[in-house]
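Working notes for the structure below.
The chains referred to below are lettered A, B, ... by the order of the sequence lines, with proteins before strands, and numbering in each begins at 1.
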There are 2 protein chains.
Amino acid sequence: MAHRPKNTVLLETASIDRDSFEPAYAQLANILRQNMVEGLLRPGSQLPSEAQLVERYGVSAMTVRRAINILVDQGVVTAEQGRGTFVKPVTLSAATFQLGQLENLFGNREGTNVQLLETRIVAADERVARKLAIHEGKRTIYMRRLLWNDNEPAFYHREYLIYDPTRPIVEAELEVTALQQLFSGTSEARSETGITSSLLKHGEISMEATLLDEEEARLLKVLQPMAAFCFEHLFYDFDDKPVSWGWFIGRADRLRFTTQVGLINA
Amino acid sequence: MAHRPKNTVLLETASIDRDSFEPAYAQLANILRQNMVEGLLRPGSQLPSEAQLVERYGVSAMTVRRAINILVDQGVVTAEQGRGTFVKPVTLSAATFQLGQLENLFGNREGTNVQLLETRIVAADERVARKLAIHEGKRTIYMRRLLWNDNEPAFYHREYLIYDPTRPIVEAELEVTALQQLFSGTSEARSETGITSSLLKHGEISMEATLLDEEEARLLKVLQPMAAFCFEHLFYDFDDKPVSWGWFIGRADRLRFTTQVGLINA
DNA sequence: AAGTGGTCTAGACCACTAT
DNA sequence: TAGTGGTCTAGACCACTTT
C-alpha cells in the first residue's frame, strides 16, 4: 500500500436513485456537496478516490468523473492529478456579481419602460471617435434614454451608435443594441419571425462607482451629492468593428449586488 | 428525412490533433467557438448535430457531448433536446464581475500590506447583534484595518467578530477571516503545516456604491464628496452561525470592474 | 509499484421534437 | 418515424504523485 488515503471515510448512507429524474452524475455531485455542507468533508480534506466512489455508489467511472467535474466547475473542490481531490476553503475573491441580477430587481416588467429623451445625429468628438474607431467629425447617432421602474427613473442611458448607410445598423438594431437585452434576460434565441439576426458579436462592459452630475441628478430626481453605479458598454459587430458605445447610470441607493461563496445547500 | 437540418453547413477544414496536449473535447469546443467568432455560425443558427460532428471530426459521441457541454456552460450556445443546439445572441445581462479582479489590481504583492488601526472588545448594538445573531450587549471583537497598495490607502475595513471563549475563533482565524483571502487569491488548500482548518463554511457578500463619510475620506486621504465601492461580508461557520460581519470601503476612482460578453477568441 | 486524476471509445438506451 | 440531445457503461490507456 503506497499512498495512504488518510482520513478518507466513506460517507453517508445516501445512494443513487436510478428511477429519479435527476441524472446519476447530478445526484452524486449533490451527495458529495451535501457531505461538505454537513461538515463531514471539511475544507482541505480529501474526497474519496474515484475508484472508491465507483464502488460505493455503483456507477461507472465516467459518471463519477462528471460529478466531480461539476464540483470543480462550481469551485468547491480542486482535483490534482496523482494526488486526489480536495475541498477548497471559502474565498472572498471567488465572489462574482451578475449584471443579470438587475432583471429581478426590475421584476415587474409591466412597471418598466423606456423613455426616449433625445436622438440626433452628432459629429464624433475625439473621445467618441476613439471609442468607436472612426474619424473625428464623422457622424454618429446619439441617443439619450431614461429607464423607468415603478414610476421612478432608474437608469439614465446615453449611447453613441455608428451611423453608416453602408452598414446595416438601422432602426431595428437600435432597439436591440443594449436595452432590450438588459430586460429581456436570457434573450431567447427563438424569435417568432424565425431568424434572430443579431449583428452583435461581442462586447466589453465595465462597472464603476461615480457621483451623479447635475443633469443626471435632475433626470433621476435625486439630490446631489449622490453615489451611482455606472455601466459602460462597447459592442462590436462580426467584423470586430465597434457599433455602439454608451453607459448606464443608476442611483446607488436603488442598486445592490449580492452573491454567496462557499458551501451552500441545493 | 424528417427534420431538415436547414443551413447546417459542415464547417471549416480544421480537425482534431490527436498528438496535441489539448484534449480532443477542448479542441472541438475551440473549433466550434472559432466558427462562431469567424461568423460562420451566427447567433440563432443551428450547430451541426452531434452525429454529424462525430463523423466530421472522427471522435466518439461522448467527446462531442463534452465539447458542447463546455460551450453550454460558457453560455454561448443552448442545447434543446429533440431540436438541436443553437448559438446564443450576445446579452448584456450575462455580464459577471469577479471580485477576484482586485487581486490583479493589487498586483505587486510586495507593495500591499495591512495596517491594523484598532482592535477592541465592544458590546453589540442592535445592528451588530442582528447581523451576528447574538443578543444585544454581548461582547464582540471590533477591528479596523487599512489596506495599503503602493503606499496609498486602498481599502478601509471594519469588522465585528463573534467573541465566544467556547468557540474556536481565536487569533489565527482573525487573520484568515477575510483579509488574507482577498489577497491570497485562490488560497491554496495545501498549507505547509498540513491541515488548513478553515472554520468558515460560507459567506454572503454584497456590493454597493456609496459616498465616503468624513472619517473614511480622511483615512483614505481623499476629499469629499467622493464615490466609493462598499463590499459588505457576512461569514458563517460550520454550524451556520455567523462569525464575522464587516465591510470594505474603497475609493471608486481606483476601482473598476470589467468583463466581456459574447464570442471572444481563445 | 500502487494509487490517483484524466481522456477516450463503442455502443446501448432513453426522451423529446418535428414531420 | 427519423433525427435530435441526454445518460450511462465497461473497459482501455495515459500522466502524475507518492511511497
Check the distance between C/dC8's P and A/Asn69's CG and give it to me in whole angstrom. 12 Å
What's the CD1-C1' distance between A/Ile70 and C/dG6, to the nearest Å? 16 Å
Does C/dT7 have OP1 or OP2 sitting under 4.0 Å from an N or O in the side chain of B/Tyr25? yes
A/Ile16 CD1 - D/dT7 C1' separation (whole Å): 13 Å
Would you mind reading off the distance between A/Tyr57 atom OH and D/dC8 atom C1', rounded to a whole angstrom? 18 Å
Protein-nucleotide distance (A/Arg65, atom CZ; C/dC8, atom P), rounded to Å: 11 Å
My understanding is that only one of B/Phe235, B/Phe231, B/Tyr236 makes a ring pair (Phe, Tyr, Trp, His ring centres under 6.0 Å) with B/His233; could you say which? B/Phe235
With sequence neighbours left out, the residues meeting side chain to side chain donor-acceptor pair (under 3.5 Å) with B/Asp240 are B/Lys201
Using whole Å, what does the distance between atom C1' of nucleotide D/dG6 and atom CD of A/Glu22 come to? 15 Å
Rounded interatomic separation in angstrom, taking CG from B/Leu53 and P from D/dT4: 10 Å
Which heavy atom in A/Thr91 sits nearest to a heavy atom in A/Val261, and how many Å separate them? O-CG1, 3.6 Å
Phosphate OP1/OP2 of D/dC16: any A/Arg83 side-chain N/O under 4.0 Å: no
Base, sugar-phosphate, or nothing for B/Ala24, non-hydrogen atoms under 4.0 angstrom? sugar-phosphate
Roughly how far, to the nearest 0.5 Å, is the CD atom of B/Glu22 from the CG atom of B/Leu28? 10.5 Å
Residues at least two apart in sequence or cross-chain that pass side chain to side chain donor-acceptor pair (under 3.5 Å) with A/Ser206, listed by chain then number, are B/Arg256
Does the side chain of A/Thr63 get closer than 4.0 angstrom to OP1 or OP2 of D/dC8 through an N or O atom? no
Between B/Phe229 and B/Phe257, what is the ring plane arrangement, given parallel below 30°, perpendicular above 60°, and tilted in between? perpendicular
Polar pairs (N or O, both sides) under 3.5 Å between protein and nucleotides 10-15 of chain C?
{"from": "C/dA15", "atom 1": "N3", "to": "B/Gln81", "atom 2": "OE1", "distance (Å)": "3.0"}

Between D/dT9 atom P and B/Arg66 atom CZ, what is the distance in whole Å? 16 Å
Going by atom types alone, do B/Glu232 and B/Trp245 pair a side-chain donor with an acceptor below 3.5 Å? yes
Phosphate contact (D/dT9 OP1 or OP2) by A/Arg18 side-chain N/O below 4.0 Å: yes
